[in-house]
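What follows is a short report on a single structure.
Each chain gets a letter, A, B and so on, in the order its sequence line appears, and its residues count up from 1. In this text, all values refer to a predicted model and were calculated from it rather than measured experimentally.
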Amino acid sequence: MTGDTLDRSEGATIFLDHVTKHYRSGGGVDDLTLSVGPGEVFGFLGPNGAGKTTVIRLILDLIRPDSGSIRVFGRDSRRDSVEIRRRLGYVPGELALYDRFTAREVLTHFAHLRGGLEWSKIATPAEQMQLDLDRPLRTMSKGNRQKVGLVAAFMGDPELLLLDEPTSGLDPLVQQQVHGEVRRAAAEGRTVFLSSHVLAEVGEVADRVGLIRNGRIIAVERVTELQHRALHQVDATFSSPEDESTFRSLPGVSTCTLTDHVLHLEVSGSLRPIVERLAATELTDLSIREPTLEELFLSFYEQPNA
Amino acid sequence: MREERRSLIGWVAGLLGFCVIMLSMYPTIRGNSGFAKLLDAYPEPLKKLFNLADYTTGAGYLRTEVFSFMAPLLIAIFAIIWGSDLIAGEEERRTIDLLLANPVTRRRMVIEKWLALLTGTVLLSASLELTLGLLGPAFKLHVGWGPLTAVVLGSGLFALAFGTLALAVGAATGSRAVARGVATMLAVATYLLSTLAQIVTWLRPVQPASLWYHALGTDPLSSGFHAGHLSILVLTTIVIVALAALGFERRDLAT
């Protein structure tokens with residue numbers, strides 16, 4: 001499942017080598033090996049408390065591994081931390097800002113700490129995200145505060161972006177804006193490491209996805225493969241009788257039951273054959289549901305070598 | 001630094017108010033022979049314990065009412081509260097994640113935070129000195145800038161040492177409460193040690209272990225600067241800053 005990591009360790013933007021980190025209060029990550037290539041948008045998918053934030057904070061040298069090593073841009077995460085941080089931008093999962101200041105004051109201070117960035121480096125992303133720089137941070141909505149965090153991460157055009165649940169708790173409009181920023185960064189050739197507990201979000205922006213649970217990587221897959229594996233639940237109700245076998249034989253159908261004009265299917269891969277077949281029926285009700293994260297993880301446990 | 005501007009102004013105002021009250025009471029005591037007689041009747045140990053010498057002269061009054069513990073203590077409390085907040089506060093409020101995502105070493109963060117503490121303590125001490133030096137004559141209290149500077153410097157360095165200790169404990173533990181507790185306890189202990197050693201003979205040999213003794217135990221208001229004693233304070237502070245950087249360097253932050 002992580003067989004490609006060895007080949008990718010050379011020239012990788014992020015490379016975690018058998019990293020273990022435990023907290024006294026529990027949690028953390030266990031013998032985790034992971035590699036993210038340059039220019040890649042890597043989605044780090046897992047439920048809350050799985051260890052996503054731990055990995056990101058290890059990369060930043062805010063916490064140190066119990067064992068194993070981490071290389072970022074080919075450099076040691078501990079010894080060369082300052083050089084690494086010069087080249088990356090970070091949005092924390094629990095974004096805490098200096099509430100007594102305005103966005104302009106905080107961003108100016110960070111620009112100074114980054115070696116005196118020009119103001120245009122701040123103004124441009126702030127304009128793109130329609131952020132009001134002169135309001136005190138404590139009076140800002142969660143969405144606007146998150147934008148301040150994003151501007152802080154994006155200013156200076158860093159080569160690597162570490163985004164820890166960048167859209168959690170935001171309204172859909174701002175979420176779309178954030179996804180837009182991620183896609184823009186990717187188009188400019190930056191590497192993005194984005195953690196999320198929402199499958200749809202990762203599916204929308206990422207190239208590859210690492211699934212993490214209880215501090216262990218369950219799988220690393222391309223998004224297309226993951227979406228192929230993700231079983232959609234299709235429920236349809238008809239007004240006239242239908243033949244179960246005509247559904248069972250459609251490509252990608254793994255489960256099929258038809259009772260009393262009510263059809264239930266589990267489908268992997270393209271939904272098109274199903275939709276086309278359904279179009280030829282007297283359909284009275286239809287629902288197609290994406291798998292939950294839990295169902296996705298289960299699919300890896302049930303067929304470990306699939 | 002700017003983060004604490006408002007609270008610094010508050011502290012300056014408070015200290016100023018305290019000085020004005022103390023100064024305004026001086027004219028009723030100055031040259032009051034009744035007070036002198038009353039104080040003479042006090043037993044010697046009590047006089048030493050509360051620094052009651054020459055209460056009716058300007059220097060004696062200041063020593064007893066302002067510098068026996070009130071003013072140094074106020075500056076020290078300011079320094080300890082602020083020092084404990086500088087690093088541990090960033091951790092508790094979780095702003096440290098964003099701050100240290102910037103290309104800044106932890107050592108640099110400790111040193112810059114300490115420089116902010118130094119600046120604040122200097123400003124507070126300077127406002128104390130200016131208040132007493134400028135308003136004193138209006139209440140017929142003259143001690144001269146030299147002795148005043150000596151005693152304010154002692155107070156400021158004492159406060160800085162314990163503010164730095166609070167910063168260091170905060171940097172090593174990530175807890176403001178622990179930082180405040182440890183620094184306050186040790187500041188009080190060092191005051192008690194120095195003061196009690198004046199009346200308890202067997203404590204005399206350990207008196208030099210007390211930073212209060214080096215800051216104010218030598219009565220700088222009458223005897224002036226003591227370079228040796230003050231350099232012990234300065235050196236101790238520098239060592240604590242170094243330890244703060246070391247302790248901070250090794251830790252997992254804000255877990």
Under 3.5 Å donor-acceptor, Thr184(B) side chain and Arg180(B) backbone: yes
What I want to check is whether the side chains of Arg85(A) and Ser81(A) have a donor and an acceptor closer together than 3.5 Å. yes
Between Asp252(B) and Lys21(A), does any side-chain N to carboxylate O distance fall below 4.0 Å? yes
With the side chain counted from C-beta on, respond yes when Trp114(B) and Met109(B) share a heavy-atom pair under 4.5 Å apart, and no when they do not. no
Check each atom of Arg251(B) against the heavy atoms of chain A and say whether the ones under 4.5 Å are side chain, backbone, both or neither. backbone
Are Val19(A) and Asp30(A) packed together at the side-chain level, in the sense that at least one heavy-atom pair is separated by less than 4.5 angstrom? no
Close side-chain approach of His229(B) and Leu233(B), heavy atoms under 4.5 Å: no
Check ion pair Arg100(A)-Glu105(A) (N to O, under 4.0 angstrom): no
Side chains of Thr20(A) and Leu32(A) in contact at under 4.5 Å (non-hydrogen atoms): no
Heavy-atom contacts under 4.5 Å, residues 145-170 of chain A to chain B: none
Side-chain contact test, heavy atoms from C-beta onward, threshold under 4.5 Å: evaluate it for Ser196(A) versus Leu194(A) and give yes or no. yes
Neighbourhood of chain B inside residues 60-76 of chain A, taking heavy atoms under 4.5 Å as contact: Leu60(A), Asp61(A), Leu62(A), Ile63(A), Arg64(A)
4.5 Å side-chain heavy-atom contact, Phe110(A) and Ile122(A): no
So which pairs with a foot in residues 178-188 of chain A pass side-chain hydrogen bond (donor to acceptor under 3.5 Å, both in side chains), sequence neighbours left out? His179(A)-Glu201(A), Glu181(A)-Arg184(A), Glu188(A)-Arg190(A)
Please list, in residue-number order, every residue in residues 41-58 of chain A that has a heavy atom less than 4.5 Å from any heavy atom of chain B; write 'none' if there are none. Arg57(A)
Under 3.5 Å, is there a donor-acceptor pair linking the side chains of Ser84(B) and Arg176(B)? no
Tyr23(A) portion near chain B, given a 4.5 angstrom heavy-atom threshold: side chain
What part of Arg250(B) gets within 4.5 angstrom of chain A, counting heavy atoms only: side chain, backbone, both, or neither? backbone
Measuring from atom CG of Leu98(B) to atom CZ of Arg93(B), what distance do you get when rounded to the nearest 0.5 angstrom? 13.5 Å
Parallel, tilted or perpendicular: which one describes the rings of Tyr98(A) and Phe101(A), with boundaries at 30° and 60°? perpendicular
